[in-house]
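Worksheet for the structure shown next.
Heavy-atom basis, side chains included; hydrogens, waters and symmetry copies ignored.
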Amino acid sequence: MKSWITYLTSLFLALATALLLGDTTWILPLLYGLSDVAVNVGSLMALVMVALSTSSAVASLRKDRMGGQVVSSSILWALFTAILLPLFAALVAAAFPVAFPVSTTAGTGSVSDTYLQSVFSGSWSLVASGNLAYYLTAAGDSLLPVIILALVLGVALKPSSDIIKPAYITINSLSEVCYRIARGLSNFGYILVYFTSALFFTYIYQEKTFFVDAAFSTMLVVTPIGLSFVLLPVIFEAFTRGKKNPYKILYRNTASQLTALTSGSYIASMPYIMAGERINDGVQKRIASTTSPLYYIIGHGGSAAVATFSLIAVIANVTGAPVQLSVCVAIALAATVCSFASSLSNGFEVMFITIAILRLLNIELYSAEVTMLGILPLLSGLGAIMDSQIAILGANMTAFKAGVDITPSYKDIL
């Protein structure tokens, strides 16, 4: 059965579960546990794939002298999306002003004062700890140390001499095993998506913030849809000169996008992204294994766009008036800058970017930003699905630029 059918079926079954059992007191704790298992499975597979496949990919790219081209085109794509997505989200927020509804979390206190400090100090302690076991333990929260180690190992693995070649061949073979496991995981990942989707819908149903203001809720959903299926494809077509179909690529990677949406975690969706890019899109393994970790670090334009739109709506709520266009643009540009550090807070990129914007622009909302916690799973999910789309289209664009993209021999996804 096609993966898009099974994953969408899981999504609708999870919605039915939330509507039927959402009022019970025991469903949310149960789903929290099951969802943790589902996210941890994806995070564990992402850790293994980054450690092995990225090392092999970097060595292979260096061998063929393609590393500079792959990295430069990927960075250029990340910069364009990180600038344009928040900017257009700000323009939409200015043109169709809505106020963020008050939630049950309003007035619970500010997290702004200590949150950024704790994120940066924790990340620095993780990177500089020198404890490999600590890296592996904390991989679900941050893959940055593992990515750094993989890059260093990949540089050293370049098969430039006979004594290195056996090690390179071994790592490359293990990388192939990782992709086979990831492909198998994506075939049955709809079971895990059911758990994350059920928690996703149940939380929204019980918290009720999403249902307070129909205008805000509509714009919150419509804006990311427009960015995902209008702006991103336009940027992609500009990069590929209209030679590739972005909608076909996104369709072929339904599994990874739904995983990102319902889990709110780019890390949990990485195995699905990398496997889909290779099997369904014809992207070479070495490009998929390099670009996916790279976009984990710098490809959070989607989260920046959601943070931009949400923060403008919060400010409109506090001031009781539409936010000026100049302020909206300033928030969008600040979101772009802050997005490059948001990978330090996996799963909470939208909240991280929001708080970082407030500190960067010296905006005081007197804890009003805490109201975003009421629908944070939805905000994180919307940001994560656009981040996954940036990674998927970015890998295909890079393969096209490098001239190594392959047309799959079958007409539909497996």
Starting at [atom1] of [X], measure out to [atom2] of [Y] and round the result to the nearest 0.5 Å.
{"X": "F229", "Y": "M386", "atom1": "CZ", "atom2": "CE", "value": "10.5 Å"}
{"X": "F309", "Y": "T354", "atom1": "CZ", "atom2": "OG1", "value": "12.5 Å"}
{"X": "N396", "Y": "K401", "atom1": "CG", "atom2": "NZ", "value": "13.5 Å"}
{"X": "L365", "Y": "F100", "atom1": "CG", "atom2": "CZ", "value": "12.0 Å"}
{"X": "L61", "Y": "Q69", "atom1": "CG", "atom2": "CD", "value": "10.0 Å"}
{"X": "I357", "Y": "I331", "atom1": "CD1", "atom2": "CD1", "value": "6.5 Å"}

Tell me, with the steps shown, if D213 and V98 meet side chain to side chain contact (heavy atoms under 4.5 Å, CB included). CA-CA 9 Å; D213 189 328; V98 290; 5.8 Å; no

Any [X] side-chain heavy atom under 4.5 Å of [Y] side chain:
{"X": "M45", "Y": "C178", "value": "yes"}
{"X": "W26", "Y": "L21", "value": "yes"}
{"X": "I353", "Y": "T308", "value": "no"}
{"X": "Y272", "Y": "Y7", "value": "yes"}
{"X": "I390", "Y": "L232", "value": "yes"}
{"X": "M270", "Y": "V50", "value": "yes"}
{"X": "S256", "Y": "I392", "value": "yes"}
{"X": "L185", "Y": "L192", "value": "yes"}

Do side-chain atoms of [X] reach the backbone of [Y] as a donor and acceptor pair under 3.5 angstrom?
{"X": "T371", "Y": "A368", "answer": "no"}
{"X": "S339", "Y": "T336", "answer": "yes"}
{"X": "S303", "Y": "H300", "answer": "no"}
{"X": "T240", "Y": "F236", "answer": "yes"}
{"X": "Q257", "Y": "L250", "answer": "yes"}
{"X": "T223", "Y": "L220", "answer": "no"}
{"X": "Q324", "Y": "S326", "answer": "no"}
{"X": "Q206", "Y": "G22", "answer": "yes"}
{"X": "N40", "Y": "D36", "answer": "yes"}
{"X": "R62", "Y": "V155", "answer": "yes"}

Quiz item: cation-pi between K208 and Y205, 6.0 Å / 45°: yes

Checking [Y] against [X]: is there a side-chain donor and acceptor pair closer than 3.5 Å?
{"X": "Q389", "Y": "S228", "result": "yes"}
{"X": "T398", "Y": "S74", "result": "yes"}
{"X": "N280", "Y": "N253", "result": "no"}
{"X": "S269", "Y": "T259", "result": "no"}

Nearest heavy-atom neighbours spanning [X] and [Y]:
{"X": "G302", "Y": "L85", "value": "N-CD1, 3.9 Å"}
{"X": "V193", "Y": "S10", "value": "CG1-CB, 4.5 Å"}
{"X": "A57", "Y": "S289", "value": "CB-CB, 3.6 Å"}
{"X": "L376", "Y": "F348", "value": "CD2-CD2, 3.7 Å"}
{"X": "F216", "Y": "A313", "value": "CE1-CB, 3.8 Å"}
{"X": "V350", "Y": "A307", "value": "O-CB, 3.7 Å"}

Side chain to side chain contact (heavy atoms under 4.5 Å, CB included) for W77 and I298? Distances and angles first, verdict last. CA-CA 10 Å; W77 168 261; I298 61 174; over 6 Å; no

Hey, is [atom1] on [X] packed in by over 12 heavy atoms from elsewhere, all under 6.0 Å?
{"X": "F188", "atom1": "CZ", "value": "no"}
{"X": "F400", "atom1": "CZ", "value": "yes"}
{"X": "E176", "atom1": "CD", "value": "yes"}
{"X": "F88", "atom1": "CZ", "value": "no"}
{"X": "F211", "atom1": "CZ", "value": "yes"}

Does Y295 have its ring centroid less than 6.0 Å away from the ring centroid of Y266? no

Please evaluate residues V70 and L294 with respect to the criterion side chain to side chain contact (heavy atoms under 4.5 Å, CB included), reporting the C-alpha separation (whole Å), side-chain torsions for both, the decisive distance (0.1 Å), and the verdict. CA-CA 10 Å; V70 169; L294 186 60; over 6 Å; no

If you apply the rule side chain to side chain contact (heavy atoms under 4.5 Å, CB included), what do you find for S56 with L157, and how did you get there? CA-CA 7 Å; S56 171; L157 269 176; 5.9 Å; no

Looking at D64 and R286, does any basic side-chain N land under 4.0 Å from a carboxylate oxygen? yes

